[in-house]
Protein chains: 2
Amino acid sequence: MLEERDKKVLCAIVQSYINRPDPVGSGFITKSYSFSLSPATIRNIMADLVEMGFLRQPHTSAGRVPTDKGYRLYVDSLCSGESEPDNRKFVHDLAGELESIKNDIDLLFEETTKRLSSFSHYLSAVLSPNAGVATFNKIKLLKHSGNQIVTLLFTDEGLVKNRTIDLGSEISQRDLNRIALYLNSEFYGFNLDEIRLRIMREMAEEKIVCDRLISRALRICKEAVAFPYDNIFISGFSEVLRLPEFSDVERIKDISRAIEDKHLIVKLLDSLLESGNTSVQVLIGSENSVSEMKQFSMVAAIYKKGDKPVGSVGIIGPTRMDYSKAICMVDLTALFLSRMLSER
Amino acid sequence: MLEERDKKVLCAIVQSYINRPDPVGSGFITKSYSFSLSPATIRNIMADLVEMGFLRQPHTSAGRVPTDKGYRLYVDSLCSGESEPDNRKFVHDLAGELESIKNDIDLLFEETTKRLSSFSHYLSAVLSPNAGVATFNKIKLLKHSGNQIVTLLFTDEGLVKNRTIDLGSEISQRDLNRIALYLNSEFYGFNLDEIRLRIMREMAEEKIVCDRLISRALRICKEAVAFPYDNIFISGFSEVLRLPEFSDVERIKDISRAIEDKHLIVKLLDSLLESGNTSVQVLIGSENSVSEMKQFSMVAAIYKKGDKPVGSVGIIGPTRMDYSKAICMVDLTALFLSRMLSER
DNA sequence: AATTAGCACTCTCAATGGTCGAGTGCTAAT
DNA sequence: ATTAGCACTCGACCATTGAGAGTGCTAATT
């Protein structure tokens with residue numbers, strides 16, 4: 001059906017197109033790649049590839065452009081990149097420069113995202129552990145001023161989140177300590193979503209709460225485990241704006257909506273996390289479930305704390321992206337994050 | 001020099017142009033606004049206004065377009081907008097919906113920014129109190145795990161920031177308490193920049209530190225007062241993309257760079273804060289000191305905690321923006337934030 | 001049977017030129 | 001000081017054209 005030779009031609013076209021976004025003609029292929037074939041033969045092959053859906057021509061008698069299906073074949077036949085020295089250097093630098101902030105996990109994610117985008121020249125995103133995976137480790141409660149208290153929630157992943165809560169009435173530090181003790185024994189090891197669910201249920205059941213302290217405890221904990229903050233870091237918008245595909249205003253609007261909504265990208269990275277697949281995943285154009293992103297590709301992987309997948313990291317770019325490089329960098333970054341999280 | 005009548009014509013042109021971005025012709029003015037003058041007279045006036053630099057014509061025999069100087073005159077002659085019912089509603093909603101999160105100051109800023117942009121249809125930004133103005137209130141130190149401790153810094157403005165620090169060696173909670181006590185007595189009421197400076201100095205002076213506890217205290221405090229987080233909230237990129245001026249790709253790139261750099265916008269809002277000017281300020285196009293922003297206008301105001309200016313809020317849009325509305329909304333938002341911060 | 005040279009054909013792109021209309025500037029009349 | 005009248009300017013729009021790149025087909029070659 002699809003011979004080795006055909007595949008080679010396809011890959012040549014994809015590579016050339018990734019290099020510069022002009023439709024690729026039969027002549028160019030014979031010149032630039034050493035097939036010992038004439039343009040006419042290449043043309044025949046190309047015609048077959050079009051028919052099979054791997055290529056398309058923008059119009060009669062322009063060259064060919066890869067389709068999503070074409071990119072897919074290309075990516076699948078990629079002998080999963082031996083990380084080039086360039087990329088090795090990237091991780092090395094990453095490790096060196098970020099060693100000092102590995103305690104501040106949010107900052108670590110942010111910086112990693114920035115470096116990943118500036119090095120890959122694509123949009124990059126890191127999904128930090130969210131309520132769905134984050135695991136309650138301990139909580140501390142501190143009296144602040146008046147009726148206000150501060151909750152300090154620690155998760156197993158190393159996240160530390162503080163929130164200020166107005167209780168509406170005075171409470172002693174002693175009572176707070178008792179509440180914290182209760183919560184710590186009650187919720188240790190559960191993930192935050194479970195906790196939230198459980199609190200909801202208990203609050204609903206015992207409408208007339210017997211124990212005032214417990215009711216307060218639940219209320220406090222409910223607030224404390226709410227993650228109101230963005231748990232995604234995105235960077236590199238100005239990088240992708242440089243790409244020629246973004247001379248089209250509509251494209252720009254698409255991607256900026258995705259960035260401002262964040263939601264969309266979270267959704268993508270999240271679904272990846274749920275799939276549990278450990279290796280680098282590639283979503284090409286229309287393979288993407290989010291309609292706003294059907295023009296783009298995403299290369300992503302999950303990172304772990306110990307053996308538990310806790311977040312994901314990805315690169316987003318046009319379907320015409322340097323998959324080989326992207327896959328390699330995402331892989332390395334995920335490994336880096338896993339290492340950072342695990343060795344603490 | 002500049003007669004009342006000329007001013008009226010200028011304002012009419014500005015208004016019309018703000019309404020839709022087409023060069024305004026003499027005929028349109030006479031039709032839409034009730035000057036009892038013929039197009040020819042209007043033309044004469046317009047020619048004068050061009051000569052004085054308030055208008056320009058894109059080319060011979062197109063209509064006129066306001067220059068920055070023209071907008072300036074327009075803004076200055078604006079009888080500072082009696083807040084329309086529309087805007088009143090905005091603040092009312094704002095107050096109602098955000099009442100519940102006034103304890104979580106970061107969230108408050110973020111939500112305020114979002115609402116401001118979605119209501120004004122321009123880009124909005126809120127600069128939250130930064131190290132330069134934030135005042136040390138108290139610090140709490142908690143043992144975390146191993147050599148790690150968590151610092152919890154409270155500022156007078158209501159910010160609560162936590163950081164995780166790896167001390168490199170074990171420390172007891174008791175020592176941490178002593179350190180916190182020391183820092184609290186030492187730095188209470190100082191602003192964070194001062195503290196940072198002082199610590200730097202002291203660390204440099206006593207290279208051979210006599211007191212091990214104090215040296216540790218300083219080190220901890222130095223980390224704790226570092227504000228690594230963005231202290232600016234920006235929202236509404238997709239709003240401004242809707243504007244016709246952003247069908248030009250270059251413009252989009254400009255504004256996105258400004259947004260991704262944040263820095264630029266921080267700089268603008270910061271300079272405003274330093275000027276100390278209390279009322280709403282308008283920077284039109286080239287009046288703007290940041291070159292990347294010379295195509296845009298900013299309407300901004302500071303907000304206070306009590307009597308002390310602590311941050312600023314602004315709207316950024318094309319020079320062709322609805323200044324009247326923007327001024328009003330920024331004013332109201334600043335008042336709102338001041339109220340929220342002060343009544344705690 | 002697969003490959004290739006040859007060639008007519010198709011389609012885009014950029015340049016050209018012509019028309020239309022909005023809006024101007026000037027001049028002379030009011 | 002204002003205005004009517006009018007020639008003029010310039011961009012927007014459109015159709016035409018020619019060049020060039022690349023094709024698909026056919027017939028010749030290996």
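Pairs of residues two or more places apart, or lying in two chains, that qualify as side chain to side chain donor-acceptor pair (under 3.5 Å) and include a residue from residues 65-76 of chain B are B:Asp68-B:Ser286, B:Arg72-B:Asp76, B:Arg72-B:Glu287. Within the structure, side chain to side chain donor-acceptor pair (under 3.5 Å) pairs that include any residue of residues 3-16 of chain A do not occur (at least two apart or interchain). Sorted by first and then second residue, the salt bridge (Lys or Arg N to Asp or Glu O under 4.0 Å) pairs with a member in residues 233-247 of chain A read A:Glu239-A:Arg242, A:Glu245-A:Arg320; sequence neighbours excluded. Screening residues 18-36 of chain B for salt bridge (Lys or Arg N to Asp or Glu O under 4.0 Å), with sequence neighbours left out, gives B:Arg20-B:Asp22. Residue pairs meeting the ring-ring contact (aromatic ring centres under 6.0 Å, His included) criterion with at least one member in residues 8-46 of chain A: none, sequence neighbours excluded.
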>> Show, in sequence, the C-alpha distance, side-chain angles and deciding distance for B:Met329 and B:Ser124, and conclude whether the side-chain contact (heavy atoms from CB on, under 4.5 Å) test is met.
In response: CA-CA 11 Å; B:Met329 294 195 66; B:Ser124 73; over 6 Å; no

Would you tabulate the pairs of protein nitrogen or oxygen atoms and nucleotide nitrogen or oxygen atoms of nucleotides 28-30 of chain C closer than 3.5 angstrom?
none

> Dot-bracket for DNA chain C, 5' to 3', with Watson-Crick and G-U pairs under 3.5 Å, [ ] for crossing pairs and | for other-strand pairs: what is it?
Replying inline: ||||||||||||||||||||||||||||||

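Taking atom CG of residue A:Leu37 and atom C1' of nucleotide C:dA5, one finds them 15 Å apart after rounding to whole Å. Spacing between atom CD1 of A:Ile29 and atom P of C:dT3 amounts to 17 Å, rounded to whole angstrom units. For A:Ile45 and C:dT3, the CD1 to P distance is 7 Å, given to the nearest whole Å. What separates CZ of B:Phe35 from P of D:dT2 is a distance of 13 Å, to the nearest Å.
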Report, one line per pair, each donor and acceptor closer than 3.5 Å where one atom sits in a side chain of residues 57-66 of chain B; sequence neighbours left out.
none

Residues 43-55 of chain B side chain polar contacts: donor-acceptor under 3.5 Å, at least two apart:
| unit_1 | atom_1 | unit_2 | atom_2 | d |
| --- | --- | --- | --- | --- |
| B:Arg43 | NH1 | B:Ser26 | OG | 3.2 |

> Which parts of nucleotides 9-27 of chain C does protein reach within less than 4.0 Å, heavy atoms only, written one letter per nucleotide 5' to 3' as B for base, S for sugar-phosphate only and - for none?
Replying inline: -BSS---------BBBB--

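Applying the salt bridge (charged side-chain N to carboxylate O under 4.0 Å, His left out) rule to A:Asp322 yields no partners; only residues at least two apart in sequence or on another chain are considered. Listed by chain and residue number, B:Lys89 satisfy the salt bridge (charged side-chain N to carboxylate O under 4.0 Å, His left out) test with B:Asp93 (two or more places apart in sequence, or in another chain).
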